[in-house]
Each structure stands twice: as structure tokens, then as C-alpha cells.
2 protein chains.
Amino acid sequence: MTSSTPARPPGRPRSGINDVVFATTLSTVHELGYARATVERIAAAAGIAKTTIYRRWPTKGALIVDCLLDAFGPVPLEGDGRAEIIASAIRWTAGKLGEPGVGDAFAGVFSDGVSDPELREILSSRLQDPYRLALQEALGEPEHRVLFLIDVVIGTLLHRMGMTGEPMVDGDVDALVEMVLSFFR
Amino acid sequence: MTSSTPARPPGRPRSGINDVVFATTLSTVHELGYARATVERIAAAAGIAKTTIYRRWPTKGALIVDCLLDAFGPVPLEGDGRAEIIASAIRWTAGKLGEPGVGDAFAGVFSDGVSDPELREILSSRLQDPYRLALQEALGEPEHRVLFLIDVVIGTLLHRMGMTGEPMVDGDVDALVEMVLSFFR
DNA sequence: AAGTTTCGATACCTATGGTTTCGAAACCCA
DNA sequence: TGGGTTTCGAAACCATAGGTATCGAAACTT
């Protein structure tokens, strides 16, 4: 059984910098905005070479997506009843998007994806699909209804951030929860 | 009374190319996407010089915003009762965003605005405010409620377009209308 | 010690937004 | 007809950003 302990591949091992890169990426995006958070600046702030980043992530978009996956983690689907699950998921999403850099980074990649089909594919398959599948199962809703739910929640929160530069205030998140529940209940 | 017929300013008059530029901009964005629809390509397709565009619009974002204002025109607020007004406004918005190039252009400037405060200001004041004010008056709703309504409608429609590359299908627009009405009724 | 892979540094290419320059064209007025 | 003023088109140009190529040094395994 040679696969139980996967043999370390030959050569110099990769240094464990992913966490540093993720953290630096978010803080750089938070400070400078998405467009001015260049890969070169992120690398410099992380104390590594730009080539090292491009050796691990093929594009800036892929880096941001991985960064967001790391920042979000799995969606908590606790609560009894669909209403509670939906409400907590919405509030969790709003909270995450409000963390420094996260909303900017999300809006930024999303924007880039508009005119970049490859990035759009990454966004859809790596970022949206896992959450969509988890929600489908937890809510017992068909795919198109969950996709609609995601459009409403993410779209509304991102539009507010994009238009004002600030995350949505709690009162409006409450309204969003109420509105979505009145439709999905 | 010399101001009744405003004297034509001296010098060579501007050629009437705005309509051509708007149409060419949308078709170019439709064919190539927002990012690849460069100002140079738009100018070439319109048969004019790039410098002529920059003489009239200070940035690409300003050009797109004017282009969208021209494409959208005033929001029709017909129908008796708030429900009908809201429903028709949502469907009108969805229809406009579905026209070739309009949705891409909208999503594109919106994206750029995420990391460009000046563009965000243009978007907010020139594009959003007029519609917001008209809706506030027609619906008798306070500012923050109308802003929330705009976040939901535009955000949802743009998220769908950004994620799939296609405008939202009628069935989902119906769902959006129903959901919004259940909250604003 | 040999082999393999990563790292950092640097130079480089390409695309894009935006500016500058300058001669030619179009208009008004005298 | 000719001077003054402004726009137009063409071209060169600049800065920034994503991404690639190269190469010597470092860090592992066997």
C-alpha cells in the first residue's frame, strides 16, 4: 500500500505561503481596491516573488477565487425549517461580504468575469456550484430556484457594495431576509 | 434679447456623431464583450478617430454611462397602483438589460466602478439618481426603500447576466416581480 | 554527490486607457 | 476673399497591468 502515505514528490517542496498570500490579497484589495491590487503589489506585500504566485495560480482571477473560497468556507446550514436555514445563510453571506476586502474582491472578480468566459466558468463551477448544491440538498429546492435565490442574495448585496462602496447595513439585510422568505416560505 | 437663439459658438461645429457612437458602442460591446470593446475599436467601427471620442467623453466609463442613458431613456411609470407600477418597471428594466450590448455594458461599467470611486460617483448621480427620484415620487416610498428596490432588481438581473452571460429568462423575471411585490405591496 | 523542483530577480511582451501634437477641414465674421 | 476659432483625423506617445521567459540559487530525495 504505497498510497496511504503519498510519497513526497521529488525536488524542492513548495513553501507554505498560501495562507499568507490569501491574507495579503484581501488586505491589499481592502486598502487599494480590486483594480489597484495588482499581482505585483500583492506579491511584494506578501514578501514573495510575482512569479511564485503565477506558478500556483494561472490568473489573477483564479487567485481571487481561491482566496474567496478560503475566506468563505462552507456555508452553515443550521436551523430547523427552511425559513431558518435561508435566513441564517443570507446573514452569513452578508457578514462574509462585509469583511474587509472580501466584498471588494468578490465584486472585482465578478466584474472581470463579465467579459471573460473562462473566468466566468471558474466562478460558476468553483465558487457558485458548491454552495448551490449544498443549498439544493438542504432546502429540497430544484436547481433553478436555488440559482434564483443566489442571484437575488449575491446580486443585491454586491450591487449595494458596488454602488456605495460600503457593505449593506443590517436593517437592509433584515429587509432582504424578509423579502426572500416571503417568497420561499 | 440675444439669448433667445443661443449664438452658435465660433469655430468648426461638432459633427453629429453621438448617435452613431452610441449605436456602435453597444454593438461592439455586444460582439466583443466589455473589456475587449476598447475605445480604439469603437472609434474605428464608428469611422471616427479615437481622439474625437476622448474630446467628448473624458473616460470610457463616462461614454458607457451616456450610452446607457441613451439606451434606457426615462422609466415608464404607467399603471394604476404601486403594484402595477413596480411590476411594469421591473419588466421594462429586464427588457432593456436584455437588449444586445446593454446588459454587458451595464455590468461592465458597474464592475469598473467597484474600484474607481470617480466612476462610481458618475454611476450613482447620472444613472441611478434620476430613476431613484422618479420612483420615489411615483411610489411614495422613502429613499432607502427605493434604493433597496433598485439594489434587488438591478443586482439580481446583473448577477444572472454576469454568471451566465445571458439575460434572465421570462419565467425568472416573473418570479422576481412576484417576490418584490410580496414585499412592497 | 546527482537529480529534480521551487524560489527570487529581472527583463520582457502585449493590451488598454488616456494624452499630446500637428496639419487639415469647417464654420463665422468682416 | 481672408483671418480667427474650433473640431477632426492621424500618429506617436506614456503609464499601468496581466502574464511569460530566463537563469542562477536554494531545498529537498535518493
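- Using cut-offs of 30° and 60° for the angle between ring planes, the A:Phe148 and A:Phe183 rings count as tilted.
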Show which side-chain atoms of residues 73-83 of chain A pair as donor or acceptor with protein atoms under 3.5 Å away, not counting sequence neighbours.
residue: A:Arg82; atom: NH1; partner: A:Glu141; partner atom: OE2; Å: 2.2
residue: A:Arg82; atom: NH2; partner: A:Glu141; partner atom: OE2; Å: 3.3
residue: A:Arg82; atom: NH2; partner: A:Phe184; partner atom: O; Å: 2.3

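- For B:Arg12, there are no side-chain hydrogen bond (donor to acceptor under 3.5 Å, both in side chains) partners at least two apart in sequence or on another chain.
- Of the candidates C:dT16, C:dC27, C:dC7, C:dC27 carries the atom nearest the B:Arg8 side chain, counting heavy atoms from C-beta on.
- Listed by first and then second residue, the salt bridge (charged side-chain N to carboxylate O under 4.0 Å, His left out) pairs that reach into residues 56-65 of chain B come to none, sequence neighbours excluded.
- Between A:Trp92 and A:Tyr131, the ring planes lie tilted relative to each other; the angle falls in the 30° to 60° range.
- The separation between B:Leu119 atom CG and C:dG17 atom C1' is 13 Å, rounded to whole Å.
- Contacts between chain B and DNA chain D, taken as any atom within less than 4.0 angstrom of a protein heavy atom, begin and end at D:dT5 to D:dA11.
- For the segment residues 44-66 of chain A, the set of residues with a heavy atom within less than 4.0 Å of an atom of DNA chain D comprises A:Lys50, A:Thr51, A:Tyr54, A:Thr59, A:Lys60, in numerical order.
- Annotation: A:Glu84, atom CD; neighbour count of heavy atoms from other residues, nucleotides and ligands within 6.0 Å is above 12.
- Look at OH on B:Tyr34: it is 11 Å from C1' on C:dG17, rounded to the nearest Å.
- In this entry the distance linking CD of B:Glu118 with C1' of C:dG17 reads 14 Å, nearest Å.
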Distance-only criterion, 3.5 Å: show the donor-acceptor pairs between side-chain atoms of residues 171-181 of chain B and protein atoms not counting sequence neighbours.
residue: B:Asp172; atom: OD2; partner: B:Arg160; partner atom: NH1; Å: 3.0
residue: B:Asp174; atom: OD1; partner: B:Arg91; partner atom: NH1; Å: 2.6

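- The CZ atom of A:Arg36 sits 5.5 Å away from atom CZ of A:Arg41, with the distance rounded to the nearest 0.5 Å.
- Nearest-nucleotide positions on DNA chain C for A:Pro10 and B:Pro9 put A:Pro10 closer to the 5' end.
- For the pair A:Arg12 and C:dT4, the criterion of a side-chain N or O lying under 4.0 Å from OP1 or OP2 is not met.
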